[in-house]
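Throughout, a chain's letter reflects where its sequence line sits, starting with A, and its residues are numbered from 1. Note that these values count all heavy atoms, side chains included, but never hydrogens, waters or copies made by symmetry.
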Number of protein chains: 2
Amino acid sequence: MTYCVAIRIDAGLCFVSDSRTNAGVDNISTYSKMYTYEDPTRRQLVVLSSGNLATTQGVIAQVKKDIKKRAFKNLANLETLEDIADYIGEISVEHQGKHTGGGKPFEASFIVGGQIRGQKHGAFLIYPQGNHITTSRDTPFLQIGESKYGKPILDRMISPGLTLETAALCGLVSMDSTMRSNLSVGPPIEVLMYSLDSYNAQHRYRFEESSEYLRQLHAAWDERLKEAFGNLPPIAWSQTWDQPMGQER
Amino acid sequence: MTYCVAIRIDAGLCFVSDSRTNAGVDNISTYSKMYTYEDPTRRQLVVLSSGNLATTQGVIAQVKKDIKKRAFKNLANLETLEDIADYIGEISVEHQGKHTGGGKPFEASFIVGGQIRGQKHGAFLIYPQGNHITTSRDTPFLQIGESKYGKPILDRMISPGLTLETAALCGLVSMDSTMRSNLSVGPPIEVLMYSLDSYNAQHRYRFEESSEYLRQLHAAWDERLKEAFGNLPPIAWSQTWDQPMGQER
């Protein structure tokens, strides 16, 4: 499994991805799921991938090849982020069609985000079927992979006005929650913060399993949550049931 | 869908359940998923249910009927909590066998917990197949239904030494996270706190959709989380990638 999240705020974009892949619990490997393309001062793109590893590797290899041979459509020349999402969707569907896996398709999902000079920054989630959705002000984040464990903290915290740093922390806490609850999501954790109109991704981090920072963050968050519980309103004892239940004898 | 959780701590047991059932998003109803049986000073039992409503209603109706007609096996005479879990598993499998739903079985899961005089308190999760698991000191809670959204907060917070009140608050926050992320889980929310060796469940609450307390809890938790983020260690800027990625031109 995998967990990747992209957050779009006014100040830019944050991307967080894990690096664990597995085919059964006894066949676990480490692969980065974050691919970046940068054309300094003109475009910065980040692709996150989830799903069948053969499919995602095939798609990313194709994306790289198309850039190299200056194909008609490639990450360097497509005009908009939406065109890029369409393009990745097309390649993904094509690759999935090649190997049908005896009925169970080798599906993959992608997130692509970034900024092209003169345009707004943005992010798109590309479904296995090749179609895509983008963020809105009400839903400023996209998730692929094992998304449920890490969703509540994003639902509560992410709003367009956050700083990049806070958004990245939310992404990391969301990742930490997912790792704790699901073995198939694991480090190294990659984080990329893209600052609006910078056209480069200077703030990239890769946190290994042994990372002292990840350990600190995990411990600090646990500590803060325990404090938070101490400050919640006590259960309203006066409230009673509308109707007594059960009690059959 | 449904979300129910049972928490076993040294001080007793907490049960939290929602009341929404749905058959598609345009067919939503309200049913309690918490059934209690009390024999004051001798036994207190709580059953939570999740899954196909016809199955869970059929199982609970059978449980009530067996008590009434003093069947050979019923909630009033079975000797241990484990026997009770076996018994509910048997009825559940039998009911599921009656209606096979054209290939898709009408599955149901249950949690049963409580205390029988002279024995330890406990809780069991009964799978649709009729077998069951119980809690441990490392895993002091059980969940049925839409469990992923609400699991991280329980994983972080629940330990056997908590007070009943704190455990119930954790259960409510876990429920709040689930409701926020999944439309098919909704109020009224029922909470029951069972205090060790009390053999009664005097602390029962039912929070309606309009509940001022639920609103306050939701707002307070959001507030506390935002504060918590302000106190996290900032991302370790000095850390760099092991290897530069992408950047193909």
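For Leu45(A), no part lies under 4.5 angstrom from a heavy atom of chain B. Of the two parts of Val173(A), the backbone and the side chain both hold a non-hydrogen atom closer than 4.5 Å to a non-hydrogen atom of chain B. With a 4.5 Å cut-off on non-hydrogen atoms, Leu75(A) does not touch chain B at all. Proximity to chain A is limited to the side chain of Ile153(B), based on heavy atoms less than 4.5 angstrom apart. For Glu146(B), the part lying near chain A is the side chain, with the backbone staying farther off; criterion is any non-hydrogen pair under 4.5 Å. Using a 4.5 Å cut-off between heavy atoms, Asp176(A) contacts chain B through both its backbone and its side chain.
Residues of residues 9-16 of chain B lying within less than 4.5 angstrom of chain A, judged on heavy atoms, are absent. Annotation: residues 156-163 of chain A contacts chain B through Arg156(A), Met157(A) [non-hydrogen atoms, separation under 4.5 Å].
Across every non-hydrogen atom of Ala228(A) and Trp221(B), the tightest pair is CB-CZ3, 3.6 Å. Of all the heavy atoms in Arg224(A) and Leu232(B), the pair that sits closest is CG-CD2, 4.4 Å.
Looking only at side-chain heavy atoms (C-beta outward), Pro152(B) and Arg180(A) stay at 4.5 Å or farther from each other. With a 4.5 Å cut-off on side-chain heavy atoms, Leu225(A) and Leu225(B) count as touching.
If you tally non-hydrogen atom pairs under 4.5 Å between each of Gly150(B), Ala76(B), Cys170(B) and chain A, the highest count goes to Cys170(B). The greatest number of non-hydrogen atom pairs below 4.5 Å with chain B, out of Leu169(A), Leu154(A), Ile60(A), Val46(A), is found for Leu169(A).
Atom NZ of Lys65(A) has 12 or fewer heavy atoms from other residues, nucleotides or ligands within 6.0 Å. Within a 6.0 Å sphere centred on CD1 of Ile133(B), other residues, nucleotides and ligands contribute more than 12 heavy atoms.
Note: Asn182(A) CG to Lys148(B) NZ = 6.5 Å, rounded to the nearest 0.5 Å. Interatomic distance, Ser147(A) OG to Tyr149(B) OH, rounded to the nearest 0.5 Å: 6.0 Å. Here NZ of Lys151(A) is found 11.0 Å from OG1 of Thr178(B). Values are rounded to the nearest 0.5 Å. Atoms CG and CD, from Asn231(B) and Glu227(A) in turn, are 7.0 Å apart once rounded to the nearest 0.5 Å.
Tyr213(A) places a side-chain N or O within donor-acceptor distance of the main-chain N or O of Pro233(B), the cut-off being under 3.5 Å.
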Residues Leu172(B), Ile235(A); criterion side chain to side chain contact (heavy atoms under 4.5 Å, CB included); working and verdict: CA-CA 10 Å; Leu172(B) 273 174; Ile235(A) 289 189; 4.0 Å; yes
